Amino acid sequence: MLRKIMKGGHRKPSKSDGNDFGFGSPLNSGSGPANNVVVNHSSRAAPGPPSPHSGPTVFVPPPMNTVEPLPFFRDVPVAERPNLFLRKLQLCCFHFDFTDTIKSVREKEIKRQTLLELVDFIQSGSGKITENCQEEMIKMVSVNVFRCLPPHESTGQESTDPEEDEPYLEPSWPHLQLVYELLLRYVVMSDTDTKVAKRYVDHSFVLKLLDLFDSEDPREREYLKTILHRIYGKFMVHRPFIRKAINNIFYRFIYETEKHSGIGELLEILGSIINGFALPMKEEHKLFLVRALIPLHKPKHICVYHQQLSYCIIQFVEKDYKLADTVIRGLLKYWPVTNCQKEVLFLGELEEVLEATQSAEFQRCMVPLFRQIARCLTSSHFQVAERALFLWNNEHIVSLIAQNRTVVLPIIFEALEKNIQSHWNQAVHGLTINIRKMFLDMDTELFEVCQRQYAEKESRARDVEEQRELTWKRLADVAAQRGGEDMITV
């Protein structure tokens with residue numbers, strides 16, 4: 001296992017960590033490159049004779065024992081550049097201790113300059129990258145980026161808000177950034193043949209990239225997001241595997257750990273993927289919505305990734321309006337009970353979903369939906385009540401309510417009356433009066449029927465309360481008649 005001091009203490013192993021990349025002996029910081037790295041590619045055919053179209057034969061140079069500057073590409077003949085490219089890749093396999101800023105300063109700078117030159121060489125397209133060079137480049141990338149991530153900070157106390165935590169910044173980022181940039185340039189390069197590249201950018205490689213999304217460094221997650229999105233777009237053969245692997249990350253986050261740093265970035269990638277789904281939508285994609293996306297509303301720290309999650313949900317409803325009922329019922333299933341911040345987020349998302357909802361789907365879920373909205377209207381947390389009342393500012397939602405007012409008004413009438421009578425917040429009180437007047441203007445006869453029913457219900461409730469008090473008074477009188485000596489006071 002790759003040993004590299006990052007944060008001190010024990011480290012969390014990557015989920016797919018192992019000997020896939022054949023680390024022969026432990027690496028000492030700055031002591032030498034990963035010379036024994038062997039990539040086991042499941043999709044790669046057995047080695048055979050060199051192809052006549054693969055260019056000049058390139059031999060892997062012997063291992064390097066020290067970090068010394070190599071000549072620039074422009075200073076060597078074109079025929080020698082592939083071999084120089086391989087030597088530079090070997091040099092970049094050296095590891096250094098970035099927790100000590102004064103250690104191996106010269107060697108670190110040599111590696112950084114070499115990585116910069118490799119990025120420029122790939123970006124310029126000044127030479128065709130042979131298959132052998134591609135394999136060695138992926139080896140170098142693997143040696144540098146696939147590593148043990150530091151564990152999430154965990155205490156026995158209640159976890160803090162991830163938005164308020166200071167992000168952990170990877171000390172080796174000056175080198176890691178350039179390695180990621182090299183990989184990105186290789187993936188997007190027009191000369192990259194996917195039939196060849198998929199032998200090295202295989203399922204094992206993709207899975208290890210996905211494991212790195214748990215990095216706490218936002219700069220690294222941003223690069224990973226871009227690279228994985230490009231891989232998904234270019235390597236069609238990997239698309240089902242990538243979707244399934246992301247599903248598994250979500251399942252583990254929802255039902256096991258509730259700790260993962262890259263959920264937002266993964267959802268951003270999925271938002272773009274969902275946008276490209278063909279119609280009619282496959283059953284696989286609908287199951288993904290029901291089994292992964294909707295349950296992502298369950299974790300407590302949804303605020304960290306809610307914007308990206310909401311975008312994915314809305315994409316599904318806009319693609320297939322018949323999914324609106326499924327989404328709304330899913331939101332109701334995971335509706336928060338005591339977390340007011342989450343309630344406000346849910347109400348905002350609900351408005352966006354309702355805006356894309358047709359009348360038939362609205363009618364299927366309106367009864368449980370407006371029972372929940374009625375509870376939100378009378379919430380003592382003014383932001384929840386106010387956000388629920390703002391639903392009536394949306395013209396499409398108002399039109400859906402108007403079409404089904406005979407069902408909706410009786411459900412929420414009591415909540416409106418209670419707000420007018422006793423809600424402490426003046427803004428909520430004023431908005432409630434406006435909505436009450438809207439219903440009165442919409443259907444006066446229905447409004448008066450609801451008003452009578454509410455008055456009768458209140459009258460019955462008062463009668464029940466009076467009867468209860470009378471019963472208690474009788475019990476007290478009977479107890480008093482029997483004498484105080486038989487009574488036990490506490």
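From a predicted model like this one, the values you see are computed outputs, not experimental measurements.
You'll find the side chain of Y168 reaches within 4.5 Å of the side chain of P150, heavy atoms only. Two residues are said to be in side-chain contact when any heavy atoms from C-beta on lie closer than 4.5 Å; E352 and S310 meet this criterion. The shortest distance between side-chain heavy atoms of H297 and E349 falls below 4.5 Å. Using a 4.5 Å heavy-atom threshold, the side chains of R112 and H175 count as touching. Residues E414 and T378 are not in side-chain contact: their nearest non-hydrogen atoms beyond the backbone lie 4.5 Å or more apart.
Summarising the geometry of L354 relative to L369, their closest heavy-atom pair is CD2-CD2, 3.9 Å, with the distance given to 0.1 Å.
Remark: the backbone N or O of A360 is not paired with any side-chain donor or acceptor of Q358 at under 3.5 angstrom. Listed for the K319 side chain is no donor-acceptor partner under 3.5 Å among the backbone atoms of G276. Under a 3.5 Å cut-off, the side chain of K198 and the backbone N or O of H203 do not form any donor-acceptor pair. With H95 contributing its side chain and V143 its backbone, the two residues share a donor-acceptor pair below 3.5 Å.
Within a 6.0 Å sphere centred on CH2 of W424, heavy atoms belonging to other residues, nucleotides or ligands number more than 12.
Side-chain contact check for D97 and T99: at least one donor-acceptor pair (N or O, by modelled atom type) lies under 3.5 Å. Side chains of Q134 and Y186: a donor on one and an acceptor on the other come within 3.5 Å. Counted by atom type alone, Q403 and S359 present one or more donor-acceptor pairs between their side chains at under 3.5 Å. A donor-acceptor contact under 3.5 angstrom links the side chains of Y311 and Q315, judged on distance only.
A distance of 6.0 Å or more separates the ring centres of F346 and Y334. In this structure, the ring of H238 has its center no less than 6.0 angstrom from the ring center of Y232.
Within the model, atoms CG of L279 and CG of D320 stand 7.0 Å from one another, a figure rounded to the nearest 0.5 Å. To the nearest 0.5 Å, atom CZ of residue F213 and atom CD1 of residue I269 are 4.0 Å apart.
Looking at R219 and E222, no side-chain N of the basic residue comes within less than 4.0 Å of a carboxylate O on the acidic one, giving no salt bridge.
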- Message: Does E181 form a salt bridge (charged side-chain N to carboxylate O under 4.0 Å, His left out) with R185? I'd like the steps, not just the answer.
- Response: CA-CA 6 Å; E181 186 67 28; R185 295 299 168 192; 2.7 Å; yes
- Taking it one step at a time, do R243 and E284 satisfy salt bridge (charged side-chain N to carboxylate O under 4.0 Å, His left out)? CA-CA 10 Å; R243 292 197 300 268; E284 169 204 345; 3.1 Å; yes
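Under the 30°/60° scheme for interplanar angles, the aromatic rings of F370 and W392 are found to stand perpendicular.
Here the options are F146, Y200, F241, the test is ring pair (Phe, Tyr, Trp, His ring centres under 6.0 Å), and the partner is F205; only F146 passes.
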